[in-house]
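The shown structure was predicted, so the numbers you read here are calculated from the model rather than taken from an experiment. Note on naming: letters A, B, ... go to the chains in the order of the sequence lines (proteins, then strands), and numbering restarts at 1 for each one.
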Number of protein chains: 2
Amino acid sequence: MDTKEEILNAAEVLFARAGYHAASMRAITESAGVNLALVNYHFGSKEALLEAVIARRLRPVNELRLRRLQEIRSRAGERNISPDLPEILRAYIEPVFGTGESERGWADFANLIGRAFTETDETAQKILLRHMKPANQLMLELLGAALPDLSGQEVFWRYQFLIGALGRAIRMNSSPGYERLKKNFEADSETLIRMLVSFAGAGMGSGERREGLR
Amino acid sequence: MDTKEEILNAAEVLFARAGYHAASMRAITESAGVNLALVNYHFGSKEALLEAVIARRLRPVNELRLRRLQEIRSRAGERNISPDLPEILRAYIEPVFGTGESERGWADFANLIGRAFTETDETAQKILLRHMKPANQLMLELLGAALPDLSGQEVFWRYQFLIGALGRAIRMNSSPGYERLKKNFEADSETLIRMLVSFAGAGMGSGERREGLR
DNA sequence: GAGTGTTTTAAACGTATGTTTAAGTTTACC
DNA sequence: GGTAAACTTAAACATACGTTTAAAACACTC
């Protein structure tokens, strides 16, 4: 019964490294050590397999994200203050780099996520957006509350910039093939998160009245 | 003799909208109104066609980028001051949104560029990186000079964040399919450039001693 | 205006893809 | 221990892809 798991693991690696279209069913099943027809038997289709791969890992990430964002919102609501921007950013960014237990295979999945943000192929993107929608909506709402002096348009686009930077960071961090580019600039996940929060915090808050007055 | 141009135009649109692999030779030639075999006759292969599509538009962009960046460097060198960060950013970002004459087809090509930054398929990415390498190297050098208090690692990663944000901005701006997401937040290119420069400027400069002392 | 080199055409080639089939094997339950 | 369900297998299917071929159409020079 671990055939399904075997397939999921192999598919995760190949989808992440080669992309959805380029990862063939034959390569996936061969890497999993199972028969070609088993993907269709267990999952129905290649696209359903991708869906399963994404759902398996993304569910805990999104649950953690949502929980942390909701806590920030309710805390700000109680005390009647604006939510703290760096705190929001960290709640949004951190879970994507692993849910803590630093499981095997996270690098590959992170790579898959990083891709899907800007994926050529819309199959992966659509699935991801569907899974992320609740967290993304709450995120946008909190950003608006944290940046009350900014127009909706400004908040929206700065949020898009954040997503772009985050996606790039994830891919650079987890994808083989960037080693030569990174050379001496390697950074562990915690450092990367810190740099991202600092970068996006300054970027999003620019032009905002700082300190106190609300 | 404008068969080649016809093919290039059609390929640009389809590569941008569907991605390199998903855009088939048959779809390209059909859209161009020419025979299937003519791509191989005129360009040699599908990959060579992609190369030609990219080279045609990217050359002027990169020339403009390089010229502006070089001018910033030499100006800073003469006066023996650090180059100005927003100026650097604008020189790097602006040309990607069009070389001024706002030609037809730019939206599609911009989409193609935006994708290639994080493209699943490495074919497009490799070609793009090769074309952009000189400008990117100079950019990194100038950023280091503009942010003397930052470590090489910090500069490198903030530059990567910028690339991610820029790629996302380009795609959101030029790709159909984001219309529903953008809804009321539509922004013209000039506004987008301004927001990007402001966002990246604040993000990259954060933690840097500001004003004067050097 | 015959002849040469270039361009275009329709058809076929070889290969790879995701999926389905039908027979085989294992597993679990009464 | 027999039976039904779940699972696995090898093979074939249908389609799509990029590329090649050989003949036809065109363009241009002498």
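Put simply, CZ on R26(A) is 14 Å from C1' on dT9(D), counting in whole angstrom units. Going from atom CD1 of I28(A) over to atom C1' of dT17(C) covers 12 Å, rounded to whole Å. The distance between atom CG of L36(A) and atom P of dT21(C), rounded to the nearest whole Å, is 15 Å. The distance between atom CD1 of I7(B) and atom P of dT8(C), rounded to the nearest whole Å, is 8 Å. In this structure, CD of E30(A) is placed 16 Å from C1' of dG18(C), rounded to the nearest angstrom. Rounded to whole angstrom, the span from the CG atom of N40(B) across to the C1' atom of dT20(D) amounts to 8 Å. Rounded to whole Å, atom C1' of dT7(C) lies 14 Å from atom CZ of F43(B). Distance, M25(B) CE to dA10(C) P: 17 Å, rounded to whole Å.
Residue T3(B) has no polar side-chain atom (N or O) positioned under 4.0 Å from OP1 or OP2 of dT7(C). For dT6(C), neither phosphate oxygen OP1 nor OP2 lies less than 4.0 angstrom from any side-chain nitrogen or oxygen of H42(B).
In this structure, the ring of Y159(A) has its center no less than 6.0 angstrom from the ring center of F185(B).
In this pair, F199(A) and F199(B) present their aromatic rings perpendicular. The plane angle is above 60°, beyond the 30 to 60° band. Taking the six-membered ring where the residue is Trp, W106(B) and F109(B) present perpendicular rings, their angle passing 60° and hence far from 30°.
Under the salt bridge (charged side-chain N to carboxylate O under 4.0 Å, His left out) rule, R57(B) has a single partner from E63(B), E12(B), E51(B), which is E12(B).
Taking only side-chain atoms of L38(A), from C-beta outward, the nucleotide of dT8(D), dT19(D), dG18(C) with the closest atom is dT8(D). For S24(A), whose side chain is taken as the heavy atoms from C-beta onward, the closest listed nucleotide among dT7(C), dT17(C), dG18(D) is dT17(C). Among dC7(D), dT8(C), dC17(D), the nucleotide with an atom closest to any side-chain atom of Y41(B) is dT8(C).
Summary of the strand contacts: N35(A) and A37(B) both lie near DNA chain C, and taking for each the nucleotide with the nearest heavy atom, the more 5' one is attributed to A37(B).
Note on A27(B): nothing from the nucleic acid sits closer than 4.0 angstrom, heavy atoms only. Among the atoms of the strands shown, only primed sugar atoms or phosphate atoms (P, OP1, OP2) are found under 4.0 Å from some heavy atom of A23(A).
Between E30(B) and R26(B) no salt bridge is recorded (no basic side-chain N to carboxylate O distance below 4.0 Å).
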